[in-house]
Structure formats: C-alpha cells, structure tokens
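Protein chains get the first letters and strands the later ones, always in sequence-line order, with residue 1 at the start of each.
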Number of protein chains: 2
Amino acid sequence: MSDNHNSAGAWAKKYHLASRTMIERILRPYDLGSTQWYVLYQLAHQGPTPQRDFLALLQIEKPTLSDVVSALVRKGFVEQTPDPKDQRQRILALTETGRGLWETLPDPIALILSIAFDGVDSDTLDLVATVLRNATERLNNYAPEGNET
Amino acid sequence: MSDNHNSAGAWAKKYHLASRTMIERILRPYDLGSTQWYVLYQLAHQGPTPQRDFLALLQIEKPTLSDVVSALVRKGFVEQTPDPKDQRQRILALTETGRGLWETLPDPIALILSIAFDGVDSDTLDLVATVLRNATERLNNYAPEGNET
DNA sequence: GACATATAGTTCGCTACCGAACATATTTGG
DNA sequence: CCAAATATGTTCGGTAGCGAACTATATGTC
C-alpha cells in the first residue's frame with residue numbers, strides 16, 4: 001500500500017493479503033470467496049440470521065454486505081426473505097444446496113492459522129493481537145470525525 | 001474475513017482495513033487511491049521507472065498494476081511510454097500535473113503510523129513485524145504448490 | 001533463419017471493499 | 001394523527017486485488 005518504510009504496518013497488510021489469497025485459493029473449487037465463506041459459517045452454526053447482524057459480525061459496510069449476499073443468493077446457497085415483523089429487514093438462511101455445500105467444505109481459517117503461526121508461542125501471539133487491536137481502535141476512533149468535545 | 005475465532009490473524013486484517021480506509025479518506029480529496037499514491041511516491045523520489053519494477057515494489061500482480069497505472073494515466077498524473085531499448089516494456093514518469101499534485105500531497109503513511117502505533121516501543125513493534133513477516137513468508141511459500149520433494 | 005520459449009502488458013471476469021445517494025419502512029415527537 | 005427522524009437495503013461508481021487467457025516483443029536453440 002505504500003507502507004514500505006515502516007514495519008508492523010506494512011507486514012500487517014502483507015500478512016492479510018497472503019492469507020486472503022490463500023483462503024481464496026482453497027475456496028475457489030467451491031465457487032466461494034472468503035467473506036462468502038464466513039456468511040455460510042454463521043448460517044450453518046447459528047441458523048437463520050437477520051442480514052443487518054452481519055454488519056457487526058463481519059465488520060463491513062452495507063454495500064459490501066449487499067454484494068456478498070446477492071452473490072450467495074445468485075449461486076443458490078442462501079435464501080433472503082423479508083422479516084414479517086419488520087418489512088425493512090431481511091432474514092438470511094441456508095438453502096438445501098447451501099447446507100449440502102457446507103458439509104463438504106474445509107475450514108480455511110484453521111489451515112491458515114496452522115501454517116502462519118505454527119511454533120509461535122501464545123504469549124507472543126497475544127501481544128501481536130493486542131498491538132494490532134489497539135492500533136485498529138485508535139484508527140477507527142480517529143477516523144469518524146476529527147471532532148470530539 | 002472470518003477469522004473471528006483467532007486473534008492475531010483477525011486483527012491483522014482489521015488493522016489493515018482500518019488503515020486502508022483512513023489512507024483513502026485522506027487521499028480522497030486528491031482523487032487518489034492508496035496504491036496510486038505509492039506509485040507517485042516512487043516516481044517522485046526515483047524518477048522514471050520501468051512499469052515492471054513496480055510488481056516487486058508493490059508486491060502486486062500484473063493485472064492490478066495495469067489497472068492502477070491506467071487510472072493514473074487517465075487522470076493525467078502519469079505518462080506511460082514504451083522503452084526504446086525493449087518494445088515490450090513501458091516506462092512510467094510523472095507528468096507536470098502529477099508533479100504539481102505531488103507537491104501538495106500530505107504523507108498519509110506517516111499520519112497512519114503516528115496514530116496507530118503511538119506510544120508502542122520499538123522493540124514491541126519489531127516483534128510484531130517479525131511475527132507477521134514470518135507468517136507471510138510461510139503462507140507464500142506454502143501457497144505456490146503443495147508439492148516439494 | 002525459423003521455431004520454441006520467456007517476458008511485459010492488457011483484457012476479462014470475478015471478490016471484496018467503500019462513500020454517496022436513494023427508496024422503504026418503522027419509530028418518535030409534537 | 002402526521003411530520004420528522006431513524007433504520008434497512010440497494011444501486012452507482014470507484015479502488016484494490018487475483019487467475020486465466022491473450023498479444024506482442026525478445027531471446028534461445030537447432
């Protein structure tokens with residue numbers, strides 16, 4: 001991205017890209033992207049879920065979610081139905097096809113983690129996570145507006 | 001991406017997204033994206049450069065670079081001319097407009113780093129960078145093929 | 001010199017991500 | 001009860017990223 005002249009920042013990006021590329025390589029035969037996988041993961045484990053809940057779950061914005069969902073609907077893996085209680089909301093659920101697919105899927109995350117962080121002790125991993133979590137929070141708190149008061 | 005159930009992996013992604021979002025917020029008034037910024041950075045500091053060199057510099061693939069370059073050419077910030085020595089290669093250089101723009105640009109990376117990692121001591125930052133660098137290398141080495149022997 | 005191979009870029013089609021603007025539906029305030 | 005505000009989703013247009021397939025140019029090799 002540019003951040004060649006720093007270290008942690010640049011490597012966070014590169015790590016992210018490498019893992020995303022790998023997840024997508026694993027998922028390609030199944031016609032799924034990384035974010036699509038996570039939507040299926042949620043639906044398989046938690047059952048039907050309002051679409052809006054995925055915003056916080058995936059930490060993405062509405063247009064991104066809208067795209068991901070419509071890809072899954074187009075492929076026939078997910079069903080999107082209006083909530084009778086609130087006509088604004090949509091409930092997402094696995095279709096039969098989607099559930100069938102899920103059964104055959106590998107867990108790409110487990111694979112990535114075992115390759116990427118094998119042999120790193122958990123204290124170190126916790127430290128890394130903490131530094132990055134704090135960095136993320138600072139960026140997100142700063143970004144929204146420049147104003148506080 | 002999914003990696004909600006791990007720690008360092010998930011936060012590397014979230015940090016990356018937060019910083020990219022912020023860089024793009026800073027650059028939006030100038031009609032530039034994060035990767036586009038880095039191309040200008042290189043050209044401003046190193047002068048005209050063969051397009052192919054940016055593949056290693058930015059660690060991106062050819063189609064991505066092709067897109068970024070054509071966006072910059074379209075906007076009139078960069079000039080793409082064939083290398084007389086080798087008709088396959090293209091040389092990239094700043095236009096007058098591009099150089100003019102560059103002078104007025106803030107350095108988004110410095111801003112990000114100061115916000116994100118302010119107060120973190122450099123030993124810790126080095127450790128984070130090392131863990132992520134190793135993770136990236138393992139992923140990249142594993143990915144290309146599954147075969148060794 | 002001719003043919004095979006390697007290199008540089010582009011194009012196509014896709015995922016993933018965002019902000020802005022929009023349509024609807026619900027909730028709140030007067 | 002009705003107008004204003006809020007919440008949910010979609011659409012549009014953009015950046016950033018990839019693999020596969022393609023063109024054109026160079027470089028071997030026989």
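Under the rule for a salt bridge (charged side-chain N to carboxylate O under 4.0 Å, His left out), A/Arg28 has no partner lying at least two apart in sequence or in another chain. In this structure A/Arg133 satisfies the salt bridge (charged side-chain N to carboxylate O under 4.0 Å, His left out) test with no other residue, sequence neighbours excluded. Taking B/Glu24 as the reference, B/Arg20 meet the salt bridge (charged side-chain N to carboxylate O under 4.0 Å, His left out) condition, with sequence neighbours excluded. For A/Asp31, the salt bridge (charged side-chain N to carboxylate O under 4.0 Å, His left out) partners at least two apart in sequence or on another chain are A/Lys75.
Neither OP1 nor OP2 of D/dT15 sits under 4.0 Å from any side-chain N or O of B/Ser34. Under 4.0 angstrom from either OP1 or OP2 of C/dC18 there lies at least one side-chain N or O belonging to A/Thr64. The phosphate of C/dT26 (OP1 or OP2) has no side-chain N or O of A/Gln87 nearer than 4.0 angstrom. Listed pair B/Thr35 / D/dG17 meets the phosphate criterion, a side-chain N or O lying under 4.0 Å from OP1 or OP2. When the side-chain nitrogen and oxygen atoms of B/Lys75 are compared with OP1 and OP2 of D/dT15, one or more of them lie within a distance under 4.0 Å. The shortest distance between the side-chain N/O atoms of A/Arg74 and the OP1/OP2 oxygens of C/dC14 is not below 4.0 Å.
Distance CD1 (A/Ile26) to C1' (D/dG19): 16 Å, rounded to an integer number of Å. Protein atom CD1 of B/Ile60 is 15 Å distant from nucleotide atom P of C/dA8, rounded to whole Å. Following rounding to the nearest Å, A/Arg20 (CZ) and D/dA16 (C1') show an atom-to-atom distance of 8 Å. Following rounding to the nearest Å, A/Leu32 (CG) and D/dC18 (C1') show an atom-to-atom distance of 16 Å. For the pair A/Lys13 NZ and D/dA16 C1', the computed distance is 9 Å after rounding to whole Å. For A/Glu24 and D/dA16, the CD to P distance is 17 Å, given to the nearest whole Å. Straight-line distance from the NZ atom of A/Lys14 to the P atom of D/dG17: 12 Å, rounded to whole Å. When the P atom of D/dC18 is taken as reference, atom CG of A/Leu17 falls 6 Å away, rounded to whole Å.
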Going by atom type alone, with no hydrogens or angles, which donor-acceptor pairs under 3.5 Å involve a side-chain atom of residues 43-54 of chain A and a protein atom two or more places apart or on another chain?
residue : atom : partner : partner atom : Å
A/Thr49 : OG1  : A/Gly47 : O            : 2.7
A/Gln51 : OE1  : A/Gln80 : NE2          : 2.7

- Message: Strictly under 4.0 angstrom, non-hydrogen atoms only: write out the protein contact profile of nucleotides 4-10 of chain D, one letter per nucleotide from the 5' end, B, S or -.
- Response: ---BBBB
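Under 4.0 Å is where a charged nitrogen must lie from a carboxylate oxygen, and between B/Arg88 and B/Asp86 at least one such pair does.
B/Phe77 and B/Tyr30 have their aromatic ring centers separated by at least 6.0 angstrom.
Where A/Pro84 and A/Asp31 each meet DNA chain C at their nearest nucleotide, the meeting point lying more 5' is that of A/Asp31. Residue order along DNA chain D, read from the 5' end via each residue's closest nucleotide, puts B/Gly33 first among A/Arg28 and B/Gly33.
Nearest to the side chain of B/Glu61, among D/dG19, C/dC17, D/dT25, sits D/dG19.
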